[in-house]
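See below for the structure under consideration.
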Amino acid sequence: MSVVFILWLRELKKYLRSRAQIVASLGTPLMYLGVLGFGLGPVFRRAGEGSYLQFVAPGVIGMTVLFTAMFSGIAMLWDRQFGFLKETLVAPVPRVQIMMGRTLGGATVAVLQGLLIFGVTLVAGFRPTSVLAVILAFLIIALIALVFAALATAIGSSLKDMQGFQMVMNFLVMPLWFLSGALYPLQGLPAALAVLTRIDPLTYGIDGVRGILIGTAHFGVALDIAVLLGVGVLFVIAGAWRFSKIEV
Amino acid sequence: MSQDNRIIRVQHLVRTFGTVTAVNDVTFDVRRGETFAFLGPNGAGKTTTIKMLTTVLRPTSGTLELDGLDPVKDSTEVRKRFGVVFQDPSLDSELTAWENLDIHGVLYHVPRRVRRERGETLLKLFELWDRRNDLVKTFSGGMRRRLEIARGFLHTPRVLFLDEPTLGLDPQSRNQMWTHVKNLNATEGVTVFLTTHYMDEADRVADRIAIIDHGKIVATGSSAELKQQTGADSLEAAFLKLTGTTIRDETFSAEDRMRQVARVWRR
């Protein structure tokens with residue numbers, strides 16, 4: 001247990017020390033929130049859907065968590081060759097403990113980033129239904145973070161070089177985000193898009209957060225949580241398996 | 001078995017990557033407590049052999065033994081017995097020197113008190129004690145190497161692998177580093193397994209030398225024996241006689257590409 005803890009703590013320490021990175025990573029979500037949140041607001045309202053800012057804020061929080069969690073795992077590739085990862089791979093501890101320490105650390109950092117951007121949405125005018133809702137929503141956000149940190153570990157363990165990184169960003173992370181219903185409602189989508197949104201785990205994550213924070217869920221919070229838990233277990237197993245196979 | 005004076009036994013070791021045979025039927029022993037130099041041109045198979053001995057790569061065929069144990073089957077037990085300094089850095093540059101050392105101690109289940117005491121002794125020995133609370137990213141190349149070596153000794157390993165530990169260091173740093181390593185080699189009886197491209201260094205520190213080329217061992221013996229065998233007057237001359245003077249062009253791998261990027265970013 002001490003191994004998992006110290007590796008988790010390491011991720012946290014590194015995060016808290018990298019102030020510049022924290023600020024830089026807020027750029028993209030801020031743009032989505034500011035430009036889309038206010039830019040599409042009037043159209044959204046005219047369509048009779050209410051406040052777009054209220055609608056998109058949970059999506060932007062979800063995006064921050066997705067990007068941060070995915071990045072933590074993919075940074076592993078670098079870490080394996082030039083960093084600390086190799087040191088942990090030759091240590092006399094089960095690989096699964098190292099994987100869990102790293103993944104939980106990455107997930108925790110993603111939740112902290114989510115918390116930060118949640119603060120920003122409040123300043124921008126986002127109003128969740130209650131304080132209790134915020135606490136519950138962050139339990140779901142923690143699940144989202146774990147799902148994608150584990151997925152990233154599985155991918156980071158399987159990639160051979162940095163070229164693969166671009167592939168993952170363009171063909172996995174961006175689609176996960178655009179197909180998640182973070183930016184648009186899931187009702188009345190064309191059939192193909194409807195199917196794609198339904199196989200994206202982030203869709204359920206954002207739907208759950210939205211359901212709790214503003215009271216409108218497409219699938220229902222219970223189903224959202226069930227899907228996240230199921231996918232989470234699957235990805236953690238996949239991550240642990242791929243991680244155990246790493247050769248340097 | 002553990003009374004055997006050979007701490008490492010390698011027999012008919014083979015490792016292939018696709019169609020390339022990096023290590024081709026290699027057999028050698030390393031004696032307990034000695035300093036053993038593994039020399040060879042670029043791409044000869046040195047690092048691949050070290051990776052297999054240190055459990056991060058599986059052999060294609062052949063047998064390996066470290067302190068009587070099989071690195072493939074008893075990887076956890078084997079990992080307790082060695083320390084390693086890889087060719088590429090493996091420190092966390094966002095953490096302090098002390099934190100790097102301390103995490104290592106936890107990973108190797110070194111009790112807290114021992115971690116503190118031995119950590120202090122080693123950092124003082126490698127002249128890093130005053131900088132223990134500084135982030136590693138502020139360290140010079142030589143300091144980082146010293147820290148990695150100190151860390152490798154923390155859990156009192158029986159074998160310490162050093163893969164080109166002095167690459168890029170000035171003669172002063174190299175000299176000082178070897179003094180400390182040889183000291184610990186003598187006082188703690190730790191076996192040192194090293195690779196290097198500096199022949200003078202191998203000549204000075206190694207008890208025995210094996211020369212590998214094209215994945216095969218071409219000679220083994222003390223520096224004097226190798227010189228005598230080839231009729232050369234220096235180890236460098238002996239090395240060139242054994243391995244030829246052609247320059248080896250390694251294929252540029254994904255690893256090299258990353259190394260190039262790393263050089264630009266100077267992490």
Side-chain angles (χ1 to χ4, degrees), chain A residues 1-22 72 74-99 101-102 105 109 157-167 243-248, chain B residues 15 17 47-48 50-58 71 74-96 99-100 102-109 112 135-137 148 151-152 155 157 161 253-263 265 267:
Chain A
M1 234 31 231
S2 58
V3 171
V4 177
F5 174 73
I6 200 147
L7 292 176
W8 172 81
L9 190 65
R10 166 188 172 240
E11 298 288 335
L12 214 62
K13 273 186 185 169
K14 283 163 73 97
Y15 170 71
L16 296 173
R17 280 174 195 171
S18 59
R19 301 265 155 74
Q21 262 171 27
I22 296 175
S72 79
I74 293 165
M76 220 173 85
L77 187 63
W78 187 270
D79 209 15
R80 188 162 86 201
Q81 191 64 35
F82 300 106
F84 191 72
L85 185 62
K86 203 150 51 178
E87 147 87 358
T88 62
L89 293 180
V90 293
V93 285
R95 284 262 174 109
V96 65
Q97 289 187 15
I98 295 165
M99 181 268 176
R102 276 193 71 96
V109 166
S157 309
S158 312
L159 289 179
K160 287 272 176 281
D161 68 78
M162 296 306 276
Q163 252 84 16
F165 176 75
Q166 276 300 331
M167 294 273 287
F243 195 83
S244 74
K245 297 285 177 220
I246 295 182
E247 289 195 331
V248 180
Chain B
R15 171 72 207 207
F17 295 97
T47 298
T48 307
I50 288 194
K51 282 180 178 174
M52 287 189 278
L53 282 166
T54 53
T55 75
V56 288
L57 194 64
R58 283 165 168 271
D74 313 305
S75 57
T76 305
E77 280 305 306
V78 168
R79 285 171 187 166
K80 286 180 191 164
R81 288 168 164 75
F82 70 79
V84 57
V85 176
F86 291 106
Q87 206 172 333
D88 293 309
S90 64
L91 293 168
D92 192 328
S93 52
E94 302 291 329
L95 297 182
T96 67
E99 285 168 335
N100 268 284
D102 200 50
I103 293 182
H104 182 90
V106 174
L107 290 174
Y108 284 81
H109 306 294
R112 185 186 297 272
L135 295 183
V136 169
K137 66 179 173 192
E148 284 192 279
R151 183 179 71 176
H155 59 286
F161 291 95
S253 65
E255 227 165 75
D256 294 319
R257 209 153 44 226
M258 292 216 287
R259 225 169 254 147
Q260 216 169 39
V261 179
R263 220 165 283 141
W265 289 97
R267 299 233 321 180

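Here is how names work: the chains are called A, B, and so on, in the same order as the sequence lines, proteins then strands, and each is numbered from 1.
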Original post:
In terms of heavy-atom proximity below 4.5 Å to chain B, should A:Lys86 be classed as side chain, backbone, both, or neither?
Top reply: both
**OP:** Heavy-atom distances under 4.5 Å only: say whether A:Ser18 touches chain B with side chain, backbone, both or neither.
**Re:** neither
**OP:** For chain A, find which of B:Val84, B:Leu95, B:Thr54 contributes the most heavy-atom pairs closer than 4.5 angstrom.
**Re:** B:Leu95
Original post:
Do you know which of B:Lys80, B:Arg151, B:Glu77 has the most heavy-atom pairs under 4.5 Å to chain A?
Top reply: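 That would be B:Arg151.
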Original post:
Say you draw a straight line from OG of B:Ser93 to NZ of A:Lys14; how long is it, rounded to the nearest 0.5 Å?
Top reply: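 So the OG of B:Ser93 and the NZ of A:Lys14 are separated by 6.0 Å.
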Subject >> Nearest-0.5 Å distance, CE of residue B:Met52 to CD of residue A:Glu247 >> reply: 10.0 Å
Original post:
Does CZ in B:Arg112 sit with more than 12 non-hydrogen atoms of other residues, nucleotides or ligands closer than 6.0 Å?
Top reply: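 For B:Arg112, atom CZ is not crowded (no more than 12 foreign heavy atoms under 6.0 Å).
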Original post:
Are A:Glu87 and B:Ile103 side-chain neighbours, meaning at least one heavy-atom pair lies under 4.5 Å?
Top reply: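 No. Closest side-chain heavy atoms not under 4.5 Å.
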With a 4.5 angstrom heavy-atom cut-off, which part of [X] approaches chain A: side chain, backbone, both or neither?
X: B:His104; result: both
X: B:Leu91; result: backbone
X: B:Glu99; result: side chain
X: B:Arg58; result: both
X: B:Phe86; result: side chain
X: B:Lys51; result: side chain

What is the minimum heavy-atom distance between [X] and [Y], and which atoms define it?
X: B:Leu107; Y: A:Val93; value: O-CG1, 3.5 Å
X: A:Leu89; Y: B:Arg79; value: O-CZ, 3.5 Å
X: A:Pro92; Y: B:His109; value: O-NE2, 4.1 Å

Donor-acceptor pairs under 3.5 Å, side chain of residues 3-11 of chain A to any protein atom, not counting sequence neighbours: which ones?
unit_1: A:Trp8; atom_1: NE1; unit_2: A:Thr108; atom_2: OG1; d: 2.7
unit_1: A:Arg10; atom_1: NE; unit_2: B:Asp92; atom_2: OD2; d: 2.4
unit_1: A:Arg10; atom_1: NH2; unit_2: B:Asp92; atom_2: OD2; d: 2.8

